[in-house]
Amino acid sequence: MSTRALLMIPGPVECDPEVLAAAGAQSDSHLGPPMTAAVCRVLRNLREVFQTHSAQPFVLAGSGTLALECGIANLVEPGDRVLVVNTGYFSERAALIAERYGCQVQQVRARLGRIPSLEAVEDALTGGRFKLVCITQVDTSTGALAPVEEICRAASQRGALTLVDAVCATGGEALRQDSWNVDVVVTASQKALAVPSGLAIVSASERALEVHKARRNPVGSFYCDWANWLPVFQGYARGEPRYFATPPVNLFHALDVSLQQILAEGVELRFQRHREMAKALRAAWRALRLEPVMAAEQEQANTLSALYYPEGLELTLIDRIRDEGVIVAGGLLPEIKGRYFRVGHMGNLRESEVLAAAAAIGHALVRAGQGVDPAAAVAAAEEVIGKEESAAPETVASEWTIH
Ligand SMILES: *Cc1c(COP(=O)(O)O)cnc(C)c1O
């Protein structure tokens with residue numbers, strides 16, 4: 001019997017064996033035909049995942065933080081005004097990066113457990129001429145899901161550029177880059193895209209590329225500068241690979257395999273599956289009397305849950321859950337870091353794993369002396385999944401076949 005535990009942290013996540021095989025194979029030349037074909041497919045398939053016809057994807061060796069830095073660094077110049085819609089730790093990071101590049105940063109905040117209201121964001125937008133508005137689609141520190149479409153509409157109506165940190169969302173939460181006016185989406189390989197960590201992914205709209213082209217000052221980061229990467233990715237797309245810095249060949253092949261799997265599932269059905277799993281787990285958390293950090297269900301992410309520990313279990317619950325075969329993560333938001341834990345439910349997770357997680361966490365709570373019923377939690381989750389299975393996926397107005 002395998003003793004390997006089920007990895008349910010908010011990234012890295014469990015990967016498909018075919019994805020892992022690609023990551024573990026002998027590298028080929030980064031300028032040879034197999035890599036060229038893989039990069040071409042990756043660029044095309046990323047557009048489909050981001051639901052954009054015209055945006056330019058960039059895929060760099062690095063983590064999600066580099067993707068965030070790359071997006072911000074290419075758009076801003078010293079003295080620019082940036083508005084950050086703060087929903088947690090990673091929004092704070094966006095603000096820190098923008099400050100590092102010399103921007104004047106203003107943040108819209110809400111009290112813990114809520115996200116800033118659209119009115120508060122609109123008021124801030126009206127009060128200042130912002131070049132860029134940064135939104136974290138899913139803040140992995142709080143489990144907050146931001147209303148990206150509404151905020152981006154408000155921002156672009158006032159002429160601001162929009163940047164969405166979708167690191168913990170892409171491949172799990174719906175995002176429609178073109179129709180939602182998202183100028184830059186940033187993400188990474190190791191979360192809902194279900195690839196090992198190591199790829200920073202940025203998708204820049206035509207408007208974002210124009211703003212970059214019209215800069216008065218060079219981009220503050222040499223490695224991140226789109227001017228260095230644009231000829232590379234445009235070259236690969238024409239079948240003429242170009243070198244700027246050696247790409248992580250194996251991770252490209254792994255991403256290539258995963259994106260093909262994602263499109264084979266269908267992005268809409270994949271978003272639907274994430275909504276369904278999250279809803280089932282919320283039912284399990286209620287049955288186990290676990291309180292989410294985010295108070296309102298419509299503000300809770302579908303890719304992870306952030307849950308307060310029952311009193312007295314702050315130091316032991318994660319280890320007990322590990323003993324039951326599931327690895328979850330601790331807290332991250334400084335204000336409440338030691339008071340809550342996080343369960344990732346994104347990527348390739350299926351019904352059986354959702355139910356296993358509900359059971360494992362239930363059993364860990366019982367062992368810790370809580371009077372809860374794990375079987376009732378599993379049954380509550382199962383009932384949701386059974387009901388949702390027959391429901392049709394959310395219909396989408398636009399056509400999403402890119403040729
Ligand atoms: C994980 C995460 C990041 C940071 O990604 P790293 O790969 O750890 O650098 C940034 N933003 C969000 C929303 C994330 O979930």
Side-chain angles (χ1 to χ4, degrees), residues 10-11 13-16 18-19 22 38-59 64 67 135 137-138 145-149 152 162 164-195 199 201-205 252 254-280 301-304 344-351 353-354 385 388-403:
V13 302
E14 298 264 329
C15 296
D16 184 88
E18 285 180 35
V19 171
V39 175
C40 277
R41 262 193 311 273
V42 161
L43 297 177
R44 197 172 57 230
N45 291 342
L46 278 175
R47 286 199 180 97
E48 195 150 343
V49 169
F50 291 128
Q51 307 200 341
T52 174
H53 288 288
S54 53
Q56 174 65 50
F58 297 91
V59 184
I135 305 125
Q137 186 171 19
V138 169
L145 175 65
V148 169
E149 183 179 11
C152 288
T162 56
V164 175
D165 174 351
V167 175
C168 200
T170 303
E173 301 278 6
L175 184 144
R176 314 187 195 290
Q177 184 169 10
D178 284 358
S179 61
W180 290 6
N181 295 308
V182 183
D183 288 299
V184 176
V185 189
V186 306
T187 193
S189 50
Q190 79 274 22
K191 298 194 184 176
L193 289 173
V195 175
L199 291 176
I201 301 168
V202 176
S203 177
S205 71
F252 263 93
L255 177 63
D256 182 26
V257 173
S258 191
L259 287 172
Q260 290 180 52
Q261 292 176 347
I262 288 168
L263 297 186
E265 178 179 10
V267 285
E268 294 306 327
L269 288 171
R270 191 174 172 92
F271 299 151
Q272 162 84 3
R273 176 166 58 77
H274 280 79
R275 283 194 295 270
E276 200 174 301
M277 291 191 302
K279 201 169 166 192
N302 295 303
T303 50
L304 86 152
H345 32 88
M346 65 189 113
N348 301 322
L349 227 55
R350 297 273 155 192
E351 176 180 348
E353 286 143 335
V354 163
I385 289 177
E388 299 283 313
E389 249 166 23
S390 50
E394 179 190 286
T395 48
V396 189
S398 51
E399 297 291 311
W400 280 106
T401 327
I402 295 183
H403 304 285

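None of these values were measured; they are calculated from a predicted model. When a residue number appears, it is its place in the shown sequence, counting from 1.
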Are any side-chain N or O atoms of [X] and backbone N or O atoms of [Y], one a donor and one an acceptor, separated by less than 3.5 Å?
X      : Y      : answer
Glu14  : Leu349 : no
Glu149 : Trp180 : no
Glu351 : Ile385 : no
Ser203 : Pro57  : no
Arg47  : Ala55  : yes

Between [X] and [Y], which heavy-atom pair has the shortest distance, and what is it?
X      : Y      : value
Asn302 : Glu173 : N-OE2, 2.5 Å
Ser205 : Val182 : CB-O, 4.2 Å
Ile135 : Cys152 : CD1-SG, 3.7 Å
Val19  : Val257 : CG2-CG1, 3.9 Å
Ala280 : Val354 : CB-CG1, 4.3 Å
Gly171 : Ala192 : C-CB, 3.7 Å

Less than 4.5 Å apart, any side-chain heavy atom of [X] and any of [Y]?
X      : Y      : result
Thr170 : Leu175 : no
Leu255 : Ile201 : yes
Val185 : Thr52  : no
Val13  : Gln190 : no
Lys191 : Thr303 : no
Met346 : Cys168 : yes
Asp178 : His53  : yes
Val59  : Leu46  : yes

> Only one of Val167, Leu259, Leu199 clears side-chain contact (heavy atoms from CB on, under 4.5 Å) with Leu193; which?
Replying inline: Leu259

> Which pairs with one or both residues in residues 258-267 pass side chain to side chain donor-acceptor pair (under 3.5 Å), sequence neighbours excluded?
Replying inline: Asp16-Gln261, Asp256-Gln260, Glu265-Arg270, Glu265-Arg273

> Does a salt bridge link Arg41 with Glu48, judged by any charged N lying under 4.0 Å from a carboxylate O?
Replying inline: no

>> salt bridge (charged side-chain N to carboxylate O under 4.0 Å, His left out), that's the test. Do Glu268 and Arg176 meet it? Break it down for me.
In response: CA-CA 11 Å; Glu268 294 306 327; Arg176 314 187 195 290; 2.9 Å; yes

> What residues form a ring pair (Phe, Tyr, Trp, His ring centres under 6.0 Å) with Phe58, not counting sequence neighbours?
Replying inline: Trp226

> What distance do Leu145 atom CG and Gln137 atom CD have between them, rounded to the nearest 0.5 Å?
Replying inline: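 These two atoms lie 6.5 Å from each other.
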
>> To the closest 0.5 Å, what do you measure between CD (Glu353) and CE (Met277)?
In response: 8.5 Å

